[in-house]
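Below you'll find the structure, written out as structure tokens, and then a few comments.
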Amino acid sequence: MIEQRKKWGLCVEPTKLTLQERKDAMLFLAFLNIYDDYNNALKMYKDYWLDTVHVLPSTNSAKYNGVKQTRCLAMRRIRKVYCDYITLN
């Protein structure tokens, strides 16, 4: 018999999360369920989502530090959501 693949899910009700946590959780859950494990999902999140939404300008640009800090905060939020609310069902 074919073994069903386990899916990633939330361990709390989505309504108990703040709006930003809910958005981050749903986005990262999609990556986790596509790529199966945390390391691959995190790498793909960074490669495909952060590099598309928050494109890093050249280091000469006045926007560089702001964009770099935004990307860092986004990664920190994703790691926090993963540790606090996401489990393998």
Side-chain angles (χ1 to χ4, degrees):
M1 183 157 202
I2 297 174
E3 190 174 325
Q4 284 191 342
R5 206 173 93 194
K6 291 190 174 189
K7 290 204 172 242
W8 293 91
L10 292 175
C11 62
V12 296
E13 288 295 319
T15 55
K16 298 206 189 289
L17 301 175
T18 65
L19 180 60
Q20 187 63 53
E21 287 174 334
R22 198 174 322 147
K23 288 190 298 186
D24 289 339
M26 293 301 141
L27 181 63
F28 198 56
L29 277 173
F31 278 92
L32 282 168
N33 283 319
I34 292 169
Y35 296 106
D36 291 331
D37 72 292
Y38 174 75
N39 291 328
N40 284 339
L42 195 61
K43 182 181 181 330
M44 292 301 147
Y45 170 80
K46 183 176 181 282
D47 290 347
Y48 291 113
W49 184 256
L50 281 185
D51 289 348
T52 303
V53 175
H54 302 291
V55 178
L56 204 55
S58 69
T59 55
N60 306 6
S61 174
K63 297 179 184 178
Y64 180 77
N65 284 335
V67 174
K68 186 177 173 187
Q69 186 174 15
T70 302
R71 290 167 57 102
C72 182
L73 291 174
M75 290 297 286
R76 199 175 292 160
R77 282 194 328 258
I78 288 295
R79 285 188 186 109
K80 182 182 180 331
V81 164
Y82 174 79
C83 292
D84 294 347
Y85 306 117
I86 296 178
T87 59
L88 187 59
N89 295 332

Under 3.5 Å, sequence neighbours excluded: what are the donor-acceptor pairs made by side chains of residues 73-80?
| from | atom 1 | to | atom 2 | distance (Å) |
| --- | --- | --- | --- | --- |
| Arg77 | NE | Asp24 | OD2 | 2.7 |
| Arg77 | NH2 | Asp24 | OD1 | 3.4 |
| Lys80 | NZ | Asp84 | OD2 | 2.6 |

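Residue Asn40 holds its CG atom at 12.0 Å from CD1 of Ile34, rounded to the nearest 0.5 Å. Taking CZ of Phe31 as the start and CE of Met26 as the end, the distance is 14.5 Å to the nearest 0.5 Å. Lys7 NZ to Asn89 CG: the interatomic distance, rounded to the nearest 0.5 Å, is 10.5 Å. With values rounded to the nearest 0.5 angstrom, Asn65 atom CG is found 12.0 Å from Cys72 atom SG.
In the hydrophobic clustering of this structure, Leu42 does not group with Leu56; members are Ile, Leu, Val, Met, Phe, Trp, Tyr whose side-chain heavy atoms approach within less than 4.5 Å, directly or through other members. One hydrophobic cluster, built from ILVMFWY side chains closer than 4.5 Å, holds both Val53 and Met44. Linking Ile, Leu, Val, Met, Phe, Trp and Tyr residues whenever their side-chain heavy atoms come within less than 4.5 Å places Leu88 and Tyr45 in a single cluster.
Closest of all the heavy-atom pairs between His54 and Val67 is O-CG1, 4.0 Å. When all heavy atoms of Thr52 and Val55 are compared, the closest pair comes out as O-CG2, 3.6 Å. Closest non-hydrogen pair, Ala25 versus Leu10, comes out as CB-CD2, 3.8 Å. Residues Pro57 and Lys63 share a closest heavy-atom pair of CG-C, 4.1 Å.
Ring orientation note: the planes of Tyr82 and Trp8 are tilted relative to one another, at an angle of 30° to 60°.
Other residues, nucleotides and ligands contribute more than 12 heavy atoms inside 6.0 Å of the CD atom of Gln20.
The shortest side-chain heavy-atom distance between Ile86 and Tyr38 does not fall under the 4.5 Å cut-off.
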